[in-house]
Protein chains: 2
Amino acid sequence: MANQNVPQATAERLPLYYRTLQGLVAVGKTRISSSEFGDLVQIDSTTIRKDFSYFGALGRKGYGYDTQHLMDFLRKTLYQDELSKVVLIGVGHLGTALLNHNFQKNNNTKIVKAYDIDPSLTGTVVSGTKIYAMDTLATDDNSDITAAILTVPAAHAQEAAEMALASGIHGFLNFSPTTLSLPANAYVRHVDMTVELQALIYFLNHSMEERNSK
Amino acid sequence: MANQNVPQATAERLPLYYRTLQGLVAVGKTRISSSEFGDLVQIDSTTIRKDFSYFGALGRKGYGYDTQHLMDFLRKTLYQDELSKVVLIGVGHLGTALLNHNFQKNNNTKIVKAYDIDPSLTGTVVSGTKIYAMDTLATDDNSDITAAILTVPAAHAQEAAEMALASGIHGFLNFSPTTLSLPANAYVRHVDMTVELQALIYFLNHSMEERNSK
DNA sequence: ATATTTTTGTTATTTATTTCACAATCACTA
DNA sequence: TAGTGATTGTGAAATAAATAACAAAAATAT
Ligand SMILES: NC(=O)c1ccc[n+]([C@@H]2O[C@H](COP(=O)([O-])OP(=O)(O)OC[C@H]3O[C@@H](n4cnc5c(N)ncnc54)[C@H](O)[C@@H]3O)[C@@H](O)[C@H]2O)c1
Ligand SMILES: NC(=O)c1ccc[n+]([C@@H]2O[C@H](COP(=O)([O-])OP(=O)(O)OC[C@H]3O[C@@H](n4cnc5c(N)ncnc54)[C@H](O)[C@@H]3O)[C@@H](O)[C@H]2O)c1
């Protein structure tokens, strides 16, 4: 069942498809065509049909897609039918916001514990999540944890990631503005708000120039 | 000077290059080769040379790149030599974290004001930024504002964006897990943490399966 | 029951991006 | 200042992704 040949670009769209389908099922919509779905998610309908086709025939010709069936399929494909446990490292401004955000709603992921270097935070509970000292991280057994969310200052992201890896964590969602150097058995995704903001400003200015020069 | 034919993928890497160069200049490194730079940012050196080549000859053969010169060039290209004013809409958990985060450090962008629908927040100041009522947004003159950061609940993101657009804002950094439908004169970038987390889980599981099947 | 319409799944085509390969050029050494 | 080594800039090739086009199939209407 493992689909080795699903393009990366397709895989990255699946969560959006899944969430959109959750919304459709919730409002009682039972069927949808690729073009109507495409309008919703702002992706060309051909791209959507192609994406689904990597997983076999999920729709019915002349009818479209059954939202419930498609949602169920994507839930399995995205491993959302089992709970994924994650930890959060760095309970500062951003980390606290993430702890307060209930990822578990429509999203089978739970922040089960947090780590911070600040001794005054050790043992406290933020939004139901207990905070542990960093000293214990590297020697803890976290092999049941899917991923670590890194919200520490950039200067400490690398060491924090290495400790987490030592404890058995292989996935990382890095919010620090720095590149991590980890061995090949680790997988990192980077959410970089500064980059996003600068890219936004770049594209805004350039599309304006383009418009003016026409 | 407007470079119409810079690929999108290249443009999206420029902020990372710029930030990395800031770090290099700060520690006194005056020159760097594309391969050393590539190791730092984890991008193939050929890609880096190609990226820079869209802007002309920025390096010197047999020498590499002058970090200060390259940084200055990118600062101009990314419009980082002028201050970009942005507003933030939705001062909740995430919005507050962003207000507390000093974007202006190494990043010529300032959140100049915020908006929220909660009357108890109106007139208060969070981390130096004054909060205004949503009623006033659509009629305010925000034509000097580059972009709006949207950190409102998903159900209100569309209406908030429309009000901001009415006030003269054309750029949006959307943190809500929802697609925005805006006219062509608006430009939206989407930061979607739920999608990132699910994509991470998907790739982790799939790369594990791949490894096991070998 | 038949005709018409809808809509998928897929092959072919186009476009975008990355990587390769290497001549041209400059830096540095002796 | 000649010779060697380093490193860029760039066409060509390879890979990846998006879009177009359409036959096949099923739904719906008549
Ligand atoms: N706050 C934001 O909105 C925002 C936006 C974009 C990026 N970021 C990035 O996210 C990261 C966190 O930002 P923040 O605003 O929450 O910072 P913060 O200073 O508020 O919080 C950082 C937390 O990490 C802890 N910490 C420091 N060193 C540590 C270590 N070695 N191990 C474990 N914990 C450690 C601190 O005690 C603190 O609680 C930074 O890298 C920042 O650049 C934040
Ligand atoms: N908190 C997180 O870490 C996190 C993570 C991922 C995504 N998000 C997304 O970011 C958004 C905000 O999340 P949050 O946790 O800060 O939520 P929150 O409930 O803490 O804050 C939302 C804020 O928006 C304000 N608001 C509500 N309706 C509004 C309207 N129509 N106009 C203006 N302001 C309005 C509320 O008064 C509140 O202050 C949500 O869409 C959420 O899904 C948050």
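These numbers were taken from a predicted model, which means no experiment stands behind them. In what follows, chains carry the letters A, B, and so on, assigned in the order in which the sequence lines appear, proteins first and then strands, with residues in each chain numbered from 1.
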Expressed as a whole number of angstroms, how long is the span from [X]:[atom1] to [N]:[atom2]?
{"X": "B:I43", "N": "C:dT17", "atom1": "CD1", "atom2": "C1'", "result": "13 Å"}
{"X": "A:I32", "N": "C:dT8", "atom1": "CD1", "atom2": "C1'", "result": "15 Å"}
{"X": "B:I48", "N": "D:dT7", "atom1": "CD1", "atom2": "P", "result": "14 Å"}
{"X": "B:D44", "N": "D:dA14", "atom1": "CG", "atom2": "C1'", "result": "14 Å"}
{"X": "B:F52", "N": "D:dG9", "atom1": "CZ", "atom2": "P", "result": "9 Å"}
{"X": "B:D66", "N": "D:dT8", "atom1": "CG", "atom2": "P", "result": "13 Å"}
{"X": "A:N5", "N": "D:dT15", "atom1": "CG", "atom2": "P", "result": "16 Å"}

Polar-atom pairs under 3.5 Å, protein N or O versus N or O of nucleotides 16-18 of chain D: list them with distances, or write none.
{"unit_1": "D:dA18", "atom_1": "OP1", "unit_2": "A:R13", "atom_2": "NH1", "d": "3.1"}
{"unit_1": "D:dA18", "atom_1": "OP2", "unit_2": "A:R13", "atom_2": "NH1", "d": "3.1"}
{"unit_1": "D:dA18", "atom_1": "OP2", "unit_2": "A:R13", "atom_2": "NH2", "d": "2.9"}

Separation between OG1 (A:T129) and CD1 (A:I111), nearest 0.5 Å, reads 6.0 Å
Protein-proximity profile, nucleotides 21-30 of chain C, B/S/- by nucleotide at the 4.0 Å heavy-atom cutoff, equals B--BBBSS--
Next on the checklist: Is A:S34 close enough to C:dT7 that one of its side-chain N or O atoms is under 4.0 Å from OP1 or OP2 there?
Outcome noted: no
**OP:** Verify the contact: side-chain N or O of A:Y65 to OP1 or OP2 of D:dA26, cut-off strictly under 4.0 Å; return yes or no.
**Re:** no
Q) Under 6.0 Å from the NE2 atom of A:H190, do we count more than 12 heavy atoms belonging to anything else shown? A) yes
- NZ/A:K113: more than 12 non-hydrogen atoms of other groups inside 6.0 Å: yes
Exactly one of B:F52, B:F55, B:Y65 clears ring-ring contact (aromatic ring centres under 6.0 Å, His included) with B:F73, and that residue is B:F55
So B:H206 and A:Y79, would you call those rings parallel, tilted or perpendicular, with 30° and 60° as cut-offs?
perpendicular
Checklist line | Test log, rule side-chain contact (heavy atoms from CB on, under 4.5 Å), inputs A:Y54 and A:N5 | finding: CA-CA 8 Å; A:Y54 293 108; A:N5 46 359; 5.8 Å; no
With distance as the sole criterion, is a donor-acceptor pair present between the side chains of B:D140 and B:Y132 under 3.5 Å?
no
Contacts table for residues 22-30 of chain B: side-chain donor-acceptor under 3.5 angstrom, sequence neighbours left out:
{"unit_1": "B:Q22", "atom_1": "NE2", "unit_2": "B:Y18", "atom_2": "OH", "d": "3.4"}
{"unit_1": "B:Q22", "atom_1": "NE2", "unit_2": "B:N106", "atom_2": "O", "d": "3.4"}
{"unit_1": "B:K29", "atom_1": "NZ", "unit_2": "B:E36", "atom_2": "OE2", "d": "3.3"}

| query | Looking for any heavy atom pair under 4.0 Å, which part of the strands does A:L58 touch: base, sugar-phosphate only, or nothing? | reply | sugar-phosphate
* Do A:K110 and A:L83 touch side chain to side chain, with heavy atoms closer than 4.5 Å? -> yes
